[in-house]
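This report concerns only the one structure given below.
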Number of protein chains: 2
Amino acid sequence: MTVSKSADVGVAKPARSSRKENGEAAGESAALQLGELSELLGYSLKRAQLRVFEDFLKCVAPLQLTPAQFSVLLLLERNPGRNQTEIANTLGILRPNFVSMLDGLESRDLCTRMRSTNDRRSHILVLTEKGRAVLARAKKLVATRHEARLNELLGPANRAALLDMLAKIAREF
Amino acid sequence: MTVSKSADVGVAKPARSSRKENGEAAGESAALQLGELSELLGYSLKRAQLRVFEDFLKCVAPLQLTPAQFSVLLLLERNPGRNQTEIANTLGILRPNFVSMLDGLESRDLCTRMRSTNDRRSHILVLTEKGRAVLARAKKLVATRHEARLNELLGPANRAALLDMLAKIAREF
DNA sequence: AGATAATTGTTATCCAATATATCAAAAGCC
DNA sequence: GGCTTTTGATATATTGGATAACAATTATCT
């Protein structure tokens with residue numbers, strides 16, 4: 001039996017049906033067939049990821065945090081005493097790019113660079129008081145607005161299974 | 001009971017452990033704790049997506065096709081007689097950005113823009129012979145190298161469940 | 001029919017994320 | 001003390017994604 005001839009895609013946004021909500025009219029004759037596209041794990045992965053990030057942004061909008069920024073704050077809280085390279089590497093952010101990112105967080109007084117006493121090359125990253133407070137609020141928003149809805153949509157068991165598989169792909173694929 | 005305080009992240013690449021493969025030495029004291037990060041669906045989604053796209057690129061490298069390009073060719077094959085706006089919208093690509101993408105495909109003789117006889121504003125997109133051939137080869141590469149490995153990693157049932165959940169998120173979340 | 005609005009493909013930009021090369025300061029190694 | 005490596009930083013290139021505007025064409029409305 002033909003297994004899966006799927007593949008991958010590059011997606012951007014859900015694509016709003018140009019202005020007419022219900023049926024269709026002018027040039028929009030009928031819905032296109034995704035066909036084998038819907039069997040491509042990469043395609044669905046990307047679309048789901050975009051959707052989830054979009055929702056995250058919306059949920060945390062009051063705190064003006066991007067997913068990337070939130071992940072940095074989370075890592076700093078969990079791993080005190082680390083330097084830029086370590087944090088950046090863990091998140092898969094390149095060091096040069098991490099600099100301006102930290103500039104942004106530091107300018108908002110969410111974290112601070114402290115010169116290490118052992119190694120005066122490196123900067124130890126520490127959450128400020130405000131950083132901890134913002135992170136705490138962000139966690140609540142994410143939990144109650146964002147992840148809760150995902151949990152609701154999928155069900156707890158499925159959500160856990162999904163998370164496991166995604167982690168496995170990231171780790172072992 | 002505390003449900004899920006997870007959230008989202010911005011990830012880039014797996015972050016190779018700066019040159020020493022096995023244990024660790026100089027500044028790299030110990031592995032950082034991901035902590036709540038590993039409970040964030042968005043984080044795992046992004047990392048998995050990057051990993052899958054990376055593998056896709058590698059598998060289809062001989063044909064020099066990106067996931068996005070592959071998805072366009074797939075859509076064209078499945079939906080003949082459509083114009084740029086329709087294809088772009090379906091893939092979530094903005095029309096302005098789709099122009100240069102098509103330029104690329106057309107310059108490689110993979111597809112052609114044909115003026116529509118009904119509506120002389122629009123371009124009907126058609127796969128060329130070469131386009132069909134390349135697409136066919138790409139499908140095989142993707143199926144045998146890429147998706148087959150994913151199938152192997154997750155198992156057919158899990159893979160199907162994963163795909164379902166991702167599609168559900170993209171559709172209903 | 002004629003005026004007005006909408007659609008299509010396109011160009012020109014803009015912004016953000018990502019990637020590489022390079023550098024000075026500081027440590028590590030022989 | 002010299003050579004290499006590491007760290008944070010700067011500059012820069014590339015890419016993906018987003019908006020504004022435009023000419024040509026088509027649709028709509030009166």
Side-chain angles (χ1 to χ4, degrees), chain A residues 9-20 24-29 46-47 49-50 53-54 57 66-69 71-72 82-89 91-106 111-125, chain B residues 9-20 24-29 46-47 49-50 53-54 57 66-69 71-72 82-89 91-106 111-125:
Chain A
V9 205
V11 186
K13 271 203 173 176
R16 53 212 76 232
S17 59
S18 64
R19 172 225 46 172
K20 28 271 184 51
E24 23 80 11
E28 218 157 313
S29 35
K46 177 122 191 183
R47 289 213 96 114
Q49 183 260 311
L50 288 172
F53 267 48
E54 190 184 352
L57 256 319
T66 67
Q69 292 172 324
S71 70
V72 170
R82 301 302 189 138
N83 63 27
Q84 296 184 197
T85 299
E86 292 172 316
I87 299 295
N89 277 342
L91 291 175
I93 302 172
L94 295 172
R95 277 62 49 108
N97 299 332
F98 194 48
V99 172
S100 62
M101 194 172 164
L102 270 185
D103 289 346
L105 292 176
E106 210 174 8
C111 74
T112 315
R113 294 181 237 225
M114 293 185 42
R115 290 232 91 98
S116 167
T117 52
N118 329 331
D119 187 339
R120 284 186 313 192
R121 290 171 300 182
S122 60
H123 290 163
I124 301 305
L125 299 179
Chain B
V9 204
V11 186
K13 271 201 173 178
R16 52 212 74 232
S17 59
S18 63
R19 172 225 45 171
K20 29 279 186 45
E24 23 81 12
E28 218 157 313
S29 35
K46 178 122 190 181
R47 289 213 97 112
Q49 183 260 310
L50 288 172
F53 267 48
E54 190 184 351
L57 257 318
T66 66
Q69 291 171 325
S71 71
V72 170
R82 301 301 189 141
N83 64 26
Q84 298 185 195
T85 298
E86 291 172 317
I87 300 293
N89 277 343
L91 291 176
I93 301 172
L94 295 173
R95 274 74 59 187
N97 299 331
F98 194 49
V99 172
S100 61
M101 193 172 166
L102 271 184
D103 289 346
L105 292 176
E106 210 173 11
C111 73
T112 314
R113 295 182 238 225
M114 293 186 42
R115 290 232 90 99
S116 166
T117 51
N118 329 334
D119 188 340
R120 284 185 311 191
R121 290 171 300 182
S122 59
H123 291 163
I124 301 304
L125 299 179

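None of the values given here were measured: they were computed from a predicted structure.
- Each of C:dA6, D:dA9, C:dA27 was ranked by its minimum atom distance to the side chain of A:His123; first place goes to D:dA9.
- Between B:Arg113 and B:Ile124, every side-chain heavy-atom pair lies at or beyond the 4.5 Å cut-off.
- Following rounding to the nearest Å, B:Arg82 (CZ) and C:dT7 (P) show an atom-to-atom distance of 17 Å.
- Residue A:Ser122 has no polar side-chain atom (N or O) positioned under 4.0 Å from OP1 or OP2 of C:dA26.
- Nearest heavy-atom pair across A:Ser71 and A:Ala68 is OG-O, 2.6 Å.
- Protein atom CZ of B:Phe53 is 18 Å distant from nucleotide atom P of C:dA17, rounded to whole Å.
- One atom, CG of A:Leu125, and another, C1' of D:dT7, lie 12 Å apart when rounded to the nearest Å.
- Judged purely by atom type and a 3.5 angstrom limit, A:Arg115 uses its side chain to pair as donor or acceptor with the backbone of A:Arg121.
- Here C:dG9 presents its C1' atom at 14 Å from CG of B:Leu94, a figure rounded to the nearest Å.
- Atom CG in A:Asn83 sits roughly 15 Å away from atom C1' in C:dA25 (whole-Å rounding).
- A:Arg95 and A:Asn89 form a side-chain donor-acceptor contact under 3.5 Å, judged by distance and modelled atom types alone.
- Shown here for B:Met101 and B:Ile93, the closest heavy-atom pair between the two residues is SD-CD1, 3.9 Å.
- Between the side chain of A:Gln84 and the backbone N or O of A:His123, no donor-acceptor pair lies under 3.5 Å.
- Closest non-hydrogen pair, B:Ile87 versus B:Leu125, comes out as CG1-CD1, 4.0 Å.
- To the nearest angstrom, P of C:dT22 lies 16 Å from CZ of A:Arg95.
- One interatomic measurement links the two molecules: CD of A:Glu86 to P of D:dT6, which rounds to 13 Å at whole-angstrom precision.
- Residue A:Gln84 places at least one side-chain N or O under 4.0 Å from the OP1 or OP2 atom of D:dA9.
- The shortest distance between the side-chain N/O atoms of B:Arg120 and the OP1/OP2 oxygens of D:dA24 is not below 4.0 Å.
- Within residues 96-105 of chain A, the residues approached by DNA chain C to less than 4.0 Å at the level of any non-hydrogen atom are A:Pro96, A:Asn97, in residue-number order.
- The distance from atom CG of B:Asn89 to atom C1' of C:dT7 is 12 Å, rounded to the nearest whole Å.
- A:Arg113 has a side-chain polar atom (N or O) that falls below the 4.0 Å cut-off from OP1 or OP2 of D:dA9.
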